[in-house]
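This report refers to the structure that appears directly beneath it.
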Amino acid sequence: MTTAPETLADAPVFESVEPATGKVVATFPKQTEDDVRAAVARARAAATWWRDLGWEGRRVRLDRWKGLLARRTPELAALVHRENGKPLADAQLEITLAVDHIAWSAKNAPKTLGPRKVPSGLMMANQEAWLEYQPLGVVGVIGPWNYPVFTPMGSIAYALAAGNAVVFKPSEHTPAIGKWLVDAFAEVVPEQPVMQLLTGLGDTGAALCRAGVDKIAFTGSAPTGRKVMAACAETLTPVLMELGGKDAMIVDEDADVEAAATGALWGGMSNAGQTCIGIERVYVHEKVYDSFVQKLTEKARKVTAGESYGPITMPGQVDVIRRHIADALSKGGRALTGGTIEGNVVQPTVLVDVPEDSLAVREETFGPTLTVTRVRDADEAVRLSNDTTYGLAGAVFSKDHGMDIAKRLDSGMTSINQVIAFAGIPSLPFGGKGDSGFGRIHGEDGLKEFTRAKSITRQKYALPVPLLSFDRSKRVDALLGRTVRFLHGRS
Ligand code: NDP
């Protein structure tokens, strides 16, 4: 006879709930360290089978998966709406972008990673030089809840296309969505468990870090990212870190202010602000500040919390948002709209006059809030934007100076005269620096992230003067000296 667990924390299962209603979506096992190790062992065999399918075999199957997701988007979107809380239309947009990434990674993997001949140079002219990027084996993906399809897919699709098996641990807030994705993959790849699901809380993710996978791709907060790295250090497991951000938008004096206000609103409030690449701070040139603030405020008043975007997905996050707003107001800031929270629904909040040392400017809020700050010029805007421990993304609105400002922003991604555009362009790498993490998903870099470079040489003919041999004569050494001076010593 088994004894009932005394608290929910001791229970062998957990529930995922609808943020909008509190209703249970489904119950999942908290998988143990043994379960995790067994899954990774199964993945090892599957990885060999998947690798040996070759580019074409994998591309055909990934295309089938993509097709299935595209056809069943309404079903998946309904589940994302329920379990994550975002509006159906936003769920559909998220899935559409994810499907595009599967298509791009499957199509571009062979030419990005496949074997190619590279120049062997004068000194090694008798050698052929080959480079290829081989799969790592088994990749562990630890995903977040805010974009439960799009964000993990940035690792999953690229890791699979590169020839790896994947063991996926979705957030405890969105396990049903993770299961849906894994089940859909198993429908098109029934032969082997190339993509597996692990469910559980943080402990299950931690066990995956110690299970001997060949890489962990982690998306989440910087504090948890540090724990993941520490756990991975024990086994020298490499890590990819996609962490949070405190992204800034710059509105220069020559900006289209109307477009900038529209962009700031979407960048800051969509998905209830729970977007790692969401805009949290806006620095506006003094010449257009008043008009920008007026337009932004008018637009924000038309946004309906709970309809235009959903409730806050993770219960604990509401307290963080409340704390950031209260801190801003207590330090002299003003809320021109919003500032109020009912249950887990946060009104769109535009904050002005917020000091740079307040929480709403320094820490990731992950809520539908924007701080708007007046600056003298673009230089001040760049300096303040870069004054953060994060460095994920951002935006700039300017007719003539966009490219110049974008290059000076100390972050991984910047969009000019639009927000977040880079995330929907599969050929562009996605990732940050500092507390925003390191490594890249998406694009060629995203494919290479899940591979190791393999260099191969093949001798075409033996040199009359042997270089790599104990038989090398003094005459050859002298010739070598003259050659290096000729080739490189004249500059
Ligand atoms: P966490 O960083 O705590 O969790 C992210 C993922 O890591 C989840 O799947 C989580 O599982 C898992 N996890 C938790 N603890 C461990 C561990 N010790 N070892 C391995 N995996 C672990 O983020 P939260 O979901 O709690 O969100 C907190 C904050 O993180 C947010 O407020 C936001 O600021 C930031 N965040 C940023 C994201 C981004 O896109 N950059 C995405 C999500 C959050 P489980 O959910 O089961 O605990």
Side-chain angles (χ1 to χ4, degrees), residues 9 13-17 19 28-31 33 36 83-84 94 140-155 167-178 197-211 213 216-234 237 239-247 271-278 280 312-324 346 359-360 362-367 369 389-393 412-413 420 423 430-432 434-439 441:
V13 294
F14 68 102
E15 291 170 342
S16 94
V17 292
F28 291 91
K30 289 181 192 164
Q31 289 187 284
E33 187 138 12
V36 174
E83 197 177 43
N84 162 283
E94 172 179 350
V141 175
I142 299 177
W145 43 267
N146 55 340
Y147 289 88
V149 177
F150 174 77
T151 302
M153 197 59 88
S155 297
V167 180
F168 175 34
K169 154 68 177 72
S171 162
E172 70 196 64
H173 303 289
T174 52
I177 299 164
L197 178 79
L198 285 175
T199 57
L201 312 185
D203 288 353
T204 308
L208 183 57
C209 298
R210 291 191 300 265
V213 295
I216 287 284
F218 172 80
T219 309
S221 62
T224 308
R226 288 190 178 90
K227 285 190 205 158
V228 166
M229 261 187 95
C232 286
E234 288 170 24
T237 302
V239 288
L240 163 73
M241 290 277 145
E242 293 294 343
L243 310 177
K246 192 70 196 172
D247 291 353
N271 208 36
Q274 304 168 113
T275 306
C276 56
I277 48 170
E280 299 212 351
I312 298 303
T313 308
M314 203 175 62
Q317 194 65 26
V318 177
D319 292 335
V320 175
I321 300 166
R322 186 178 284 117
R323 198 157 43 81
H324 285 200
V346 182
L359 296 174
R362 304 232 65 87
E363 292 183 8
E364 187 174 41
T365 307
F366 236 52
T369 67
T389 58
Y390 292 102
L392 192 55
M413 301 157 285
I420 306 182
F430 182 110
D435 282 351
S436 296
F438 51 82
I441 53 173

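By convention here, the first residue in the shown sequence is residue 1. Order of listing sets the numbers, starting from 1, for every ligand and every atom in it. Values below: all heavy atoms of this structure, side chains included; hydrogens, waters and symmetry mates excluded.
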From the options E172, K30, E364, K246, select the one whose nearest heavy atom is closest to atom 48 (O) of ligand 1. E172
Taken to the nearest 0.5 Å, the spacing of Y390 OH from E280 CD works out to 8.5 Å
Atom 17 (C) of ligand 1: nearest protein contact (heavy atom, Å): G202 O, 3.6 Å
Nearest 0.5 Å, please: how far is OG1 in T275 from CG in D247? 10.0 Å
Give the residue, atom name and distance (to 0.1 Å) of the protein heavy atom nearest atom 10 (C) of ligand 1. K169 NZ, 4.2 Å
Indicate yes or no for a side-chain donor-acceptor contact from E94 to the backbone of F150 under 3.5 Å, with no hydrogens or angles considered. yes
Is the backbone of I321 close enough, under 3.5 Å, to the side chain of T365 for a donor and an acceptor to pair up by distance? no
For G244, atoms of ligand 1 separated by under 4.0 Å from a heavy atom: 41 (N)
Tell me whether E234 contacts the main-chain N or O of R210 through its side chain, where contact means a donor paired with an acceptor under 3.5 Å. no
Out of I321, L208, T224, who gets a non-hydrogen atom closest to atom 22 (C) of ligand 1? T224
Just to check, does G225 reach to within less than 4.0 Å of ligand 1 when the distance is taken from its heavy atoms? no
So between A206, G178, G367, whose heavy atom ends up nearest atom 18 (N) of ligand 1? A206
What is the closest protein heavy atom to atom 29 (C) of ligand 1, and at what distance does it sit? S221 CB, 3.7 Å
Atoms of ligand 1, numbered as shown, that sit under 4.0 Å from any heavy atom of G205: 19 (N), 20 (C), 21 (N)
What is the ring orientation for F366 with W145, classed by angle as parallel under 30°, tilted 30 to 60°, or perpendicular over 60°? perpendicular
From CG (L208) to CG (D203), nearest 0.5 Å: 12.5 Å
Would you check if the side chain of E364 reaches a backbone N or O of K246 as a donor-acceptor pair within less than 3.5 Å? no
Heavy-atom nearest neighbour in the protein, as seen from atom 12 (C) of ligand 1, with distance rounded to 0.1 Å: I142 CG2, 3.7 Å
Tell me which protein heavy atom sits closest to atom 7 (O) of ligand 1, plus the residue, atom name and distance to 0.1 Å. F218 CE1, 3.1 Å
Quick check on contacts: which atoms of ligand 1 are under 4.0 angstrom from a heavy atom of L243? 41 (N)
Atoms of ligand 1 less than 4.0 Å from L201 heavy atoms? 47 (O)
Can you find a non-hydrogen atom of T151 under 4.0 Å from ligand 1? no
Can any side-chain N or O of N271 pair as donor or acceptor with the backbone N or O of Y147 at less than 3.5 Å? no
Among all protein heavy atoms, pick out the one at the shortest distance from atom 39 (C) of ligand 1; state its residue, atom name and that distance to 0.1 Å. C276 CB, 3.3 Å
Check: G202 main-chain N/O paired with K169 side-chain donor or acceptor under 3.5 Å: no
Among all protein heavy atoms in this structure, tell me which lies nearest to atom 5 (C) of ligand 1, with the distance rounded to 0.1 Å. T219 O, 3.6 Å
Closest protein heavy atom (residue, atom, distance) for atom 9 (O) of ligand 1: G143 O, 2.8 Å
Give a yes or no on whether the backbone of I312 and the side-chain of Q317 come within a donor-acceptor separation of less than 3.5 Å. no
Within 4.0 Å of some non-hydrogen atom of W145, the atoms of ligand 1 are 24 (P), 25 (O), 27 (O)
To the nearest 0.5 Å, what is the distance between CD1 (I277) and CG (L392)? 7.0 Å
Any atoms of ligand 1 less than 4.0 Å from a non-hydrogen atom of V228? List them with their elements. 19 (N), 20 (C)
Which of the numbered atoms in ligand 1 are below 4.0 angstrom from a heavy atom of G200? 47 (O)
Strictly distance-based, threshold 3.5 Å: is any side-chain N or O of T219 a donor or acceptor partner for the main-chain N or O of P144? no
Please state which option from Q317, R226, M314 has its nearest heavy atom closest to atom 32 (O) of ligand 1. Q317
Between S436 (side chain) and G244 (backbone), is there a donor-acceptor pair under 3.5 Å? yes
Y147 contact mode with ligand 1 (heavy-atom cut-off under 4.0 Å): neither
Mind checking whether P144 contacts ligand 1 via backbone (N, CA, C, O), side chain (CB onward), both or neither, at a 4.0 Å heavy-atom cut-off? side chain
